[in-house]
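These notes are about the structure you will find just below.
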Amino acid sequence: MTDVNKLKTELTEIVAAANDLITLESARVQALGKKGKITALMKTLGGMDPEERKTTGAALNMLKDEIAELIATQERALKKQDLEQRLATETIDVSLPIRPESKGKIHPISHTMEELTAIFSSMGFSVAEGPDIEDDWHNFTALNFPPGHPAREMHDTFYLPDDPEEQGEAAKKLLRTHTSTVQIRAMQDKGAPIKIIVMGRTYRSDYDITHTPMFHQCEGLYIDKNVNMGHLKGCLMDFVRAYFEVDNLPVQFRPSFFPFTEPSAEMDIGCSRKDGGLKIGAGEDWLEILGCGMVHPNVIKNCGLDPDEYQGFAFGMGIERIAMLKYGIPDLRTFFESDVRWLDHYGFDPLDRPNRATGS
Ligand code: PHE
């Protein structure tokens, strides 16, 4: 028994003297390890008479628990002390400039989407979404493209295999050719009044300097009881002036055709094309920027709303196109080549904040 008491004093001192985690670990090995002091004493139990073996064995087991507890307490204390020391000595100077090697840039599409969100949300639009894989009904029929109508051919649609689980037009799957599909989904889901923009990928089978098979559109939809063409003009005029950052940017609306709007128009902004350059603002020339119109009564009806009660406007534009015009990017295809030199040149600093002015 005296051996156990002596060992207890010895081990307690060793543990208490360990003033860092490495020394504490070696104290643990010394005391509790396979070749440690307690194990060594355990091995002598076999040579004792039964009574002594019983009491010494129990005492040794208790000692083992006590020492393990002591080590755990010491470990907690050392870790706490370590943390306090680090907190006291390690500091971060938050005013230091960011490291020059951080080269990440925001893609012009993402940046432009943030600008569009900032401008339209300040006019009261919220952001809605819909799926890239659509069906014939949402992409065409509900938008007042009658079956077999030639306007369907204008879209160079990518069709997917029919969905065997659906019937009729819902089974005819395709990659959406425009974000106007979300006009339908949003009106069906949320009813009216509704004031949304939709930004996302759209797909058409086309490829040259101004067309890529995948591109992005921004769609707007505003439906209420008294929305008229004047609201459409005011909203889009404010938008282009805020986006291009040109006060009094001239605009004109030309009559056009879309099956889902009546009347339909295309909006142009003023520009000048001197010496091979393009400058947006007052000038001798016009540049087409987007399609728009008053939502066709059939579309409103197809979404379960009453066109005698509700009316409104919609518009749609190519996000790459407006980004190319604002940032002087000459070739649409380069947006999707993932060339880091291009991104380094045309990309945006992650800390840049999009322009929030609305001109109104
Ligand atoms: N969806 C049309 C297109 O892709 C654009 C548009 C949207 C026109 C909304 C009018 C109203 O060309």
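Ligands are counted one by one from 1 in listed order, and the atoms in each one are counted from 1 as well. The basis for the numbers below is simple: all heavy atoms, side chains too, and nothing from hydrogens, waters or symmetry mates.
In the hydrophobic cluster analysis, where Ile, Leu, Val, Met, Phe, Trp and Tyr join through side-chain heavy atoms closer than 4.5 angstrom, M267 is grouped together with I119.
Taking any N or O of R204, backbone or side chain, at least one lies under 3.5 Å from an N or O belonging to ligand 1. Every N/O-N/O distance between E219 and ligand 1 stays at or above 3.5 Å. Checked against a 3.5 angstrom limit, the closest N/O atoms of T177 and ligand 1 fall outside it.
Only side-chain heavy atoms of F260 come within less than 4.0 Å of ligand 1; its backbone N, CA, C and O stay farther off. Residue contacts with ligand 1 for S264 are absent, since no atom lies close enough (heavy atoms, distance under 4.0 Å). No part of M317 comes within 4.0 Å of ligand 1, judged by heavy-atom distances.
Under a 4.0 Å criterion applied to the non-hydrogen atoms of C292, ligand 1 contributes the atoms 8 (C), 10 (C), 11 (C). For ligand 1, the atoms lying closer than 4.0 Å to a non-hydrogen atom of S180 are 1 (N), 7 (C). Per-residue contacts place A314 under 4.0 angstrom from the following atoms of ligand 1 (heavy atoms of the residue considered): 9 (C), 11 (C).
For the residue pair N139 and T177, a side-chain donor N or O sits within less than 3.5 Å of a side-chain acceptor on the partner. A donor and an acceptor atom, one from each side chain of R152 and T141, are located under 3.5 Å apart. If you check the side chains of D93 and T91, you find no donor sitting under 3.5 Å from an acceptor.
Taking the six-membered ring for Trp and the full ring otherwise, F260 and H178 have centroids separated by under 6.0 Å. Centroid-to-centroid, the aromatic rings of F120 and F315 come within less than 6.0 Å.
Residues M199 and L116 have side chains in contact (heavy-atom distance under 4.5 Å, counting atoms from C-beta outward).
Heavy atoms of M294 stay at 4.0 angstrom or farther from ligand 1. Residue contacts with ligand 1 include Q217, since one of its heavy atoms falls under 4.0 Å from the ligand.
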For a salt bridge (Lys or Arg N to Asp or Glu O under 4.0 Å) check, start with the C-alpha distance between E75 and R28, then their side-chain angles and the critical distance, and finish with the verdict.
CA-CA 11 Å; E75 187 180 342; R28 193 189 62 78; over 6 Å; no

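Atom 5 (C) of ligand 1 has G316 CA, 4.0 Å as its closest protein atom, hydrogens excluded (heavy atom only).
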